[in-house]
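To keep things clear, I will list the structure first and then write my remarks on it.
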Amino acid sequence: MKRRERGIALVVVVWTLALLTIMAGSFSQTVKRGNDLVASIRASAQAYHLAEGGVHYAMMMLSLRDPRQRWKADGRRYEVSLPTGRLYIVLRDEGGKLDVNVSSEQALRTLLLYVTRQAELAEQIAHGIVDWRDEDDIRLPRGAEKRDYLALGLPYFPLNRNFILPEELLQVRGVTPEIYRRLLPLITVYSQTEGVNPAKADAAMLGILFRGDQRKLERYLEARLLRPNAPPPAASTGDKLAIPFNAAADQVFSVEVSAVLQSGESEGIYAVIRQGGSGLPFTILRQKSLNDG
């Protein structure tokens, strides 16, 4: 009897030890996952704040008195090495983009034709943008006003005011996420000037301005490298530019910063900055994480 009781006790002890081992292992894994999560959050926060520092570093480089050292806001990428990681910074002058709040229907249609490659869709979206921002409820031939959005069962409609953020374009009838993604580097709501400054435009916008004339584009890019404010080539005889040229520049900039830590953790920030304000060289108009889309 005693042997049997001892055997049962041994089995109980063995099962208890096994259960405790499993519980200890599970607890250890839980603690490890918790530590890994905390470490990941800490690294992500460090990378984000490093990216924030990159925005302010870009402001400083845009403010340098020496034009040879001053950074160019034409879409080129700058790389900065730091003890904690690396920064990749892209600057664009908003004067090199098309402002959807003040551009003509013709200019909008030209840009959208390049993006969509569909004439009817380009006209529909261009008319929709004008209908969205104008102060009346009179619909353009291919546009849409409040009643049209309600008829489609959409929870939004034109507010008859200018676009405050580029993301509002996603609400315009016909603008898909893919079309918006392709439009975003080419449009702005900040320059408040009709047309585009070719001296500040990137290669994609210049391709539209020069109507796909690759030779003219290459010649101009070469001239601009030698003289940053080189005048663009004149339009051909009888060729009226759908998107006019202007000289708007050095007022509002977009800044994209990607920060990569030595550990490999990365974060990105998109910011829009304006010259001056409150006695400071720059004012931040908006800032968001690149992970927010």
Side-chain angles (χ1 to χ4, degrees), residues 51-67 69-78 80 87-104 107-108 111 115 129 132-133 161-170 172 180-206 208-209 224 228-232 243-258 268-290 292-293:
E52 279 189 318
V55 173
H56 290 273
Y57 188 81
M59 292 180 188
M60 181 188 73
M61 297 306 293
L62 283 170
S63 303
L64 295 179
R65 293 181 179 275
D66 188 343
Q69 296 180 342
R70 189 185 309 136
W71 279 6
K72 305 295 187 297
D74 56 4
R76 71 184 67 185
R77 188 174 81 159
Y78 293 94
V80 181
L87 292 171
Y88 302 94
I89 303 174
V90 177
L91 294 166
R92 291 185 175 88
D93 192 313
E94 296 295 285
K97 303 177 183 180
L98 191 71
D99 193 318
V100 295
N101 284 328
V102 296
S103 295
S104 67
L108 290 168
L111 179 69
V115 169
I129 290 173
W132 190 280
R133 76 190 189 197
R161 60 154 173 78
N162 281 345
F163 295 89
I164 298 174
L165 297 174
E167 290 90 326
E168 289 183 86
L169 281 172
L170 283 165
V172 174
Y180 174 75
R181 183 189 66 79
R182 297 181 64 191
L183 270 177
L184 188 56
L186 306 170
I187 56 97
T188 183
V189 297
Y190 300 105
S191 74
Q192 302 175 6
T193 306
E194 166 71 10
V196 170
N197 182 349
K200 303 298 180 179
D202 63 15
M205 177 58 81
L206 289 172
I208 302 171
L209 295 178
R224 198 170 71 175
N229 293 312
I243 300 179
F245 294 158
N246 65 41
D250 302 327
Q251 292 298 315
V252 184
F253 305 88
S254 61
V255 187
E256 287 185 23
V257 182
S258 295
I269 285 179
Y270 171 83
V272 179
I273 58 176
R274 184 191 299 276
Q275 286 268 26
S278 303
L280 299 173
F282 286 95
T283 300
I284 297 178
L285 300 180
R286 70 175 304 201
Q287 179 174 303
K288 67 172 186 173
S289 169
L290 288 176
D292 293 339

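For the single chain, residues carry numbers from 1 onward in sequence order.
- Nearest heavy atoms, Ala201 versus Val196: CB-CG1, 4.1 Å.
- Residues Val255 and Gln287 are not in side-chain contact: their nearest non-hydrogen atoms beyond the backbone lie 4.5 Å or more apart.
- Taking both residues in full, the closest heavy atoms of Ser103 and Leu108 are given as O-CD1, 4.0 Å, listed atom of the first, atom of the second, then distance.
- Ring geometry, Trp71 versus Tyr78: the interplanar angle falls under 30°, so the pair is classed parallel (tilted spans 30 to 60°).
- In this structure, CG in Leu91 is found 10.5 Å from CE in Met59, a value given to the nearest 0.5 Å.
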TODO: Evaluate the criterion side chain to side chain contact (heavy atoms under 4.5 Å, CB included) for residue pair Leu98 and Leu186; output intermediate values, then yes/no.
DONE: CA-CA 6 Å; Leu98 191 71; Leu186 306 170; over 6 Å; no

Open item on the list: Between Ile269 and Glu52, does the side chain to side chain contact (heavy atoms under 4.5 Å, CB included) criterion hold? Intermediate values first, please.
Closed with: CA-CA 7 Å; Ile269 285 179; Glu52 279 189 318; 3.2 Å; yes

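- With a 4.5 Å cut-off on side-chain heavy atoms, Lys97 and Ser191 do not count as touching.
- The minimum heavy-atom distance between Arg133 and Val102, with the atom names listed, is NH1-N, 4.0 Å.
- At least one side-chain heavy atom of Phe163 sits less than 4.5 Å from a side-chain heavy atom of Val172.
- Of all non-hydrogen atoms in Arg182 and Val115, the two that sit nearest each other are NH1-O, 2.6 Å.
- Closest heavy-atom contact between Ala107 and Glu194: CB-OE2, 4.4 Å.
- We find the CD1-CG distance between Ile208 and Leu111 to be 5.0 Å, quoted to the nearest 0.5 Å.
- Between Glu256 and Arg92 there is a salt bridge, since a side-chain N of the basic residue sits under 4.0 Å from a carboxylate O of the acidic one.
- Atom CG of residue Leu62 and atom CD1 of residue Ile273 lie 5.5 Å apart, to the nearest 0.5 angstrom.
- Not a single donor-acceptor pair under 3.5 Å links the side chain of Arg286 to the backbone N or O of Val272.
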Task: Stepwise side chain to side chain donor-acceptor pair (under 3.5 Å) test for Ser254 and Glu94 - done: CA-CA 7 Å; Ser254 61; Glu94 296 295 285; 3.2 Å; yes

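- Between Pro281 and Gln275 the shortest side-chain heavy-atom distance does not fall below 4.5 Å.
- Here the straight-line distance linking atom CG of Asp74 with atom CG of Asp93 works out to 9.5 Å at 0.5 Å rounding.
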TODO: Show your working on side chain to side chain contact (heavy atoms under 4.5 Å, CB included) between Glu167 and Tyr180 and close with a plain yes or no.
DONE: CA-CA 8 Å; Glu167 290 90 326; Tyr180 174 75; 3.5 Å; yes

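- Rounding to the nearest 0.5 Å gives a distance of 13.0 Å between CZ of Arg274 and CD1 of Ile284.
- Residue Leu206 holds its CG atom at 5.0 Å from CZ of Arg224, rounded to the nearest 0.5 Å.
- When every heavy atom of Asp99 is checked against every heavy atom of Val189, the shortest pair comes out as OD2-C, 3.6 Å.
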